[in-house]
Amino acid sequence: MATSASSKLSKAVKQQYMDLPQGDQVQAMYIWIDGTGEGLRCKTRTLDSEPKTIEDLPEWNFDGSSTYQSEGSNSDMYLIPQAMFRDPFRKDPNKLVLCEVLKYNHKPAETNLRQMCKKIMSMVQNQHPWFGMEQEYTLLGTDGHPFGWPSNGFPGPQGPYYCGVGADKAYGRDVVEAHYRACLYAGVKICGTNAEVMPAQWEFQVGPCEGIDMGDHLWIARFLLHRVCEDFGIVASFDPKPIPGNWNGAGCHTNFSTKEMRVEGGLKYIEESIERLAKRHQYHIRAYDPKGGLDNARRLTGHHETSNINEFSAGVANRGASIRIPRSVGQEMKGYFEDRRPSANCDPYAVTEALVRTCLLNEESEEPVKYK
């Protein structure tokens, strides 16, 4: 099993230094989305005291020509702090800081989808949109081979691995447990985890989160997963179809509700939203992976618990549909629905914004409406 050289360095030696007192000063790790729309970058600065609010955190900058975000001749990009979490690696009082990226002219970078998402969420805040996202991922060795798989072959066919227990069924649980605890410590609204259908594939769920918090918490949860995997010397992949053939892909099923949907008679509003989504299928497919649907085309085949990428469908308890209404919601006539189309590598800001635009702002065109 190929693991990184860094993971073989002595953690006991490192801990001697991590136990040293740091006085009143605080390490703040600034985190941002790079020019791929999928990768995360980070760097750390010292603060003279513990920040209590976002306003206590200074703006910063970085070299965008090294993150696919600018040319070398004009490479300074700005980091604008937006959300703060506890740091589970350096521990209190140190912080993780999620940032937006602005270009030299102070306009959002191309992969900064947060700013527009926040604007759209502010337009519907009285409807209290809640989201819960189910993040699937695959553990790989540093050679790209799925963790725990035979080096020259495949494990047994799918069946025993989903929510499985035992060394021959659950591959890499240490990573999952470490990540879960890191999220809880950081203040991420993680609400569950389970082994998935393909061996070495796992899922964690984040939510319910209201509005812009959904994107913030999922991106930090992803950062924590990458960082935990770094310690173990393996890789977390959000590729929506990491292994071709008769193996499940990886999605990021998104659960959505409004205040009206969650109270008595809410099923009416759920059904109205689904009707709107049916008329705007291609717009959502383009928003649901960072390559405008090309990544999802490998996953949404109509097989392996997915719908066909070219067709919209909805049903109660149907995991082969675009939109699933949970059975309990059908019985109680209120609750939420699940959009099963977003890919594992989606940008949660793009996904949640698209749902609000279509379901709550009643947009119908193939392009998003530009609001003043």
Side-chain angles (χ1 to χ4, degrees), residues 1-4 7-8 11 88 132-184 188 190-207 218 221-222 224-255 298-307 317-321 324 326-327 338 340 342-346:
M1 186 73 232
T3 56
S4 71
S7 67
K8 298 176 178 65
K11 305 302 179 188
M133 297 185 83
E134 306 169 21
Q135 178 68 69
E136 294 180 332
Y137 62 94
T138 309
L139 296 176
L140 308 174
T142 52
D143 57 358
H145 195 67
F147 181 79
W149 284 34
S151 55
N152 295 313
F154 297 91
Q158 296 182 155
Y161 309 108
Y162 172 71
C163 297
V165 179
D168 58 340
K169 299 179 184 69
Y171 299 7
R173 192 185 297 274
D174 282 358
V175 171
V176 176
E177 294 294 337
H179 174 249
Y180 203 145
R181 193 62 60 91
C183 284
L184 291 174
V188 170
I190 188 169
C191 61
T193 189
N194 58 269
E196 265 303 330
V197 176
M198 187 180 85
Q201 188 185 70
W202 295 81
E203 172 183 300
F204 64 88
Q205 302 94 30
V206 176
L218 189 65
R222 287 174 174 178
L224 293 173
L225 180 61
H226 286 309
R227 183 62 186 74
V228 166
C229 283
E230 185 184 316
D231 279 350
F232 283 101
I234 61 175
V235 175
S237 170
F238 297 117
D239 188 285
K241 188 72 175 179
I243 307 299
N246 197 25
W247 302 98
N248 272 37
C252 194
H253 302 154
T254 301
N255 301 282
R298 295 182 284 126
R299 166 181 162 257
L300 296 179
T301 60
H303 304 289
H304 305 109
E305 298 183 48
T306 69
S307 57
N318 183 358
R319 282 179 163 76
R324 179 180 72 94
R327 192 171 300 284
E338 175 193 51
R340 298 178 61 81
S343 67
N345 62 345
C346 69

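- Heavy atoms only, all atoms of each residue included: Phe232 and Ala178 are closest at CE1-CB, 4.0 Å.
- Using a 4.5 Å cut-off on side-chain heavy atoms (C-beta onward), Tyr180 and Ile190 make contact.
- Under the 3.5 Å distance criterion, the side-chain polar atoms of Ser237 are left unmatched by any main-chain donor or acceptor of Thr138.
- Here the side chain of Arg319 pairs no donor or acceptor atom with the backbone of Arg324 at under 3.5 angstrom.
- Checked by atom type and distance alone, the side chain of Tyr161 never pairs as donor or acceptor with a backbone atom of Ala200 at under 3.5 Å.
- At a threshold of 4.5 Å between non-hydrogen side-chain atoms, the residues Arg173 and Trp202 count as touching.
- With hydrogens and angles ignored, the 3.5 Å screen pairs a side-chain donor or acceptor of His179 with a backbone N or O of Ala221.
- In this structure a side-chain-to-backbone donor-acceptor pair under 3.5 Å is present from Gln201 to Gly249.
- Between His226 and Phe238, the ring planes are perpendicular. Angles over 60° get that label, and only those under 30° would be called parallel.
- At distances below 3.5 Å, at least one donor-acceptor pair connects side-chain atoms of Thr193 with backbone N or O atoms of Glu203.
- Under the 3.5 Å distance criterion, the side-chain polar atoms of Lys169 are left unmatched by any main-chain donor or acceptor of Cys163.
- With rounding to the nearest 0.5 angstrom, the CG atom of Leu218 is 7.0 Å from the SG atom of Cys346.
- Minimum heavy-atom separation, Asn194 to Gln205: OD1-NE2, 3.0 Å.
- Here the side chains of Val206 and Met133 are not in contact, with every heavy-atom distance at 4.5 Å or above.
- In this structure, Gln135 contributes its side chain and Phe204 its backbone to no donor-acceptor pair below 3.5 Å.
- In this structure the side chain of Trp149 never reaches within 4.5 angstrom of the side chain of Leu140, judged on heavy atoms.
- Across all their heavy atoms, Pro155 and Pro150 have their closest contact at N-CD, 3.7 Å.
- For the pair Glu305/Arg340, a side-chain contact is recorded, criterion being any heavy-atom separation below 4.5 Å from C-beta on.
- Using a 4.5 Å heavy-atom cutoff, the side chains of Val175 and Leu225 are in contact.
- Under the 3.5 Å distance criterion, with hydrogens and angles disregarded, no donor-acceptor pair is assigned to the side chains of Gln158 and Asn246.
- In this structure a side-chain-to-backbone donor-acceptor pair under 3.5 Å is present from Arg298 to Lys241.
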